[in-house]
> 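Below is one structure. I have some questions about it.
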Amino acid sequence: MVGPFRPFDPGECAALEREVGLPLPAAYRSFLEAAGGERLDYSVRLPACEPEAVQGFDELYGLGRDDAGAYGWGTLLGEYRRSREGGLAENVSLTGLLPIARDGGGDTLFLDLNPATHGRLHAFVRAVPLPGYLGHHVFTKVAEDFDTYLDGLFIDPDQAEDAWADVAACDPSDPWRRTVEEWLGGERGSGSRHAPGLDGSGTSLA
């Protein structure tokens with residue numbers, strides 16, 4: 001988890017639930033209370049998104065207002081409002097869905113607040129009109145609940161390789177190298193962690 005970290009504000013949580021009209025699941029609320037960071041650099045495997053099954057919703061939306069004092073870009077309430085106004089609603093039935101994270105390409109992770117499916121996570125992944133990429137938009141279930149989602153996260157091998165290549169030549173005492181080693185689970189080198197299902201040796205975040 002990467003910051004800056006914001007303290008949990010019960011008043012902001014109540015304001016979000018009031019506007020959405022539905023309560024947050026206990027597991028996600030606990031996550032906001034304990035963490036509150038801006039990035040979670042792990043990936044999840046989504047078979048429905050083949051040939052791009054490995055997806056990473058690493059940019060987390062934050063509870064409360066931004067530094068300018070507004071419900072702007074990257075805030076839970078701001079992104080909830082924006083999702084209802086933009087083109088996303090043309091592709092996804094957004095009733096009861098709260099956007100909670102995204103990737104760099106505009107793909108979105110949703111938390112389902114509807115009573116019958118309360119707590120589930122879904123993702124909307126956009127098509128990329130290039131060979132070898134996802135050929136059509138996909139809306140798919142990601143996990144039954146937020147804790148299950150966290151348990152299924154892993155370090156993308158390509159991301160691990162790039163991160164290790166940036167620090168491999170650094171002195172072992174270098175703070176950033178030590179941070180990368182910690183992120184890789186203390187195992188130096190690019191092949192220390194693999195995505196589940198890719199080579200049979202997957203190591204998850206859990």
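Note that this is a predicted model, so its numbers are computed, not measured.
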> Indicate yes or no: at least one non-hydrogen side-chain atom of Tyr149 is less than 4.5 angstrom from one of Leu109.
yes
> Glu17 and Leu22: side-chain contact (heavy atoms from CB on, under 4.5 Å), yes or no, with the steps?
CA-CA 5 Å; Glu17 292 178 322; Leu22 295 163; over 6 Å; no
> Between Leu63 and Arg6, is a side-chain contact (heavy atoms from CB on, under 4.5 Å) present by the stated rule, with each step listed?
CA-CA 8 Å; Leu63 182 65; Arg6 298 177 182 274; over 6 Å; no
> Can Thr148 and Asp145 be counted as having a side-chain donor-acceptor contact under 3.5 angstrom?
yes
> If I compare all heavy atoms of Phe124 with all of Val92, which pair ends up nearest, and what's the gap?
CD1-CG2, 3.5 Å
> Taking it one step at a time, do Cys13 and Leu32 satisfy side-chain contact (heavy atoms from CB on, under 4.5 Å)?
CA-CA 9 Å; Cys13 186; Leu32 293 177; 5.6 Å; no
> Can you list the residues that meet the ring-ring contact (aromatic ring centres under 6.0 Å, His included) rule with Tyr61, with sequence neighbours excluded?
none
> For the pair Glu79 (side chain) and Pro99 (backbone), establish whether a donor and an acceptor sit closer than 3.5 Å, ignoring hydrogens and angles.
no
> Does the side chain of Asn91 reach to within under 4.5 Å of the side chain of Phe139, using non-hydrogen atoms?
no
> I'd like to check Leu98 versus Leu24 (side-chain heavy atoms, cut-off strictly below 4.5 Å). Are they in contact?
yes
> Please check: side-chain N/O of His137 versus main-chain N/O of Ala127, any donor-acceptor pairing under 3.5 Å?
yes
> Within the distance-only criterion (no hydrogens, no angle test), does the side chain of Arg102 pair as donor or acceptor with the backbone N or O of Leu60 below 3.5 angstrom?
no
> Are any of the side-chain heavy atoms of Val54 and Phe154 separated by less than 4.5 Å?
yes
> Between Arg45 and Glu50 (salt bridge meaning N to carboxylate O under 4.0 Å), is one present in this structure?
yes
> Between Arg81 and Tyr71 (side chain of the first, backbone of the second, donor and acceptor by atom type, cut-off under 3.5 Å), is there such a pair?
no
> Phe146 and Phe31: aromatic ring centres closer than 6.0 Å?
yes
> Are any of the side-chain heavy atoms of Leu121 and Phe110 separated by less than 4.5 Å?
no
> Working note: Arg177 + Thr179, criterion side-chain contact (heavy atoms from CB on, under 4.5 Å); need CA distance, chi angles, decisive distance, verdict.
CA-CA 5 Å; Arg177 173 176 167 142; Thr179 297; over 6 Å; no
> Do any N or O atoms from the side chain of Gln55 and from the backbone of Val44 form a donor-acceptor pair under 3.5 angstrom?
no
> Tell me, yes or no, whether the heavy-atom count around Arg178 atom CZ, taken from other residues, nucleotides or ligands under 6.0 Å, exceeds 12.
no
> Is there a side-chain contact between Leu111 and Pro25 (heavy atoms, below 4.5 Å)?
yes
> Would you say the side-chain atoms of Asn114 pair up with the backbone N or O of Thr95, donor to acceptor, closer than 3.5 Å?
yes
> Flag the pair Asp9 and Arg65 as a salt bridge only when some basic side-chain nitrogen lies within less than 4.0 angstrom of an acidic carboxylate oxygen.
no
> Between Tyr28 and Leu76, what is the shortest heavy-atom contact and its length?
OH-CD2, 3.5 Å
> Could you tell me whether Asp171 atom CG has more than 12 heavy atoms of other residues or ligands within 6.0 Å of it?
yes
> Compare every heavy atom of Val125 with every heavy atom of Cys49, then report the nearest pair and how far apart it is.
SG-CG2, 3.7 Å
> Minimum heavy-atom separation for Thr140 and Ala48, please, with both atom names.
OG1-CB, 3.6 Å
> Is there side-chain contact between Asp66 and Thr75, with heavy atoms separated by less than 4.5 Å?
yes
> Is the side chain of Thr117 donor-acceptor paired with the backbone N or O of Arg120 at a distance under 3.5 Å, no angle test?
no
> I need the minimum non-hydrogen distance between Pro51 and Gly132, along with the two atoms involved.
CG-O, 3.4 Å
> For the residue pair Asp112 and His118, confirm or rule out a side-chain donor-acceptor distance under 3.5 Å.
no
> Asp103 side chain to Gly106 main-chain N or O, any donor-acceptor pair under 3.5 Å?
yes
> Quick check: do Ile155 and Asp41 have side-chain heavy atoms less than 4.5 Å from each other?
no
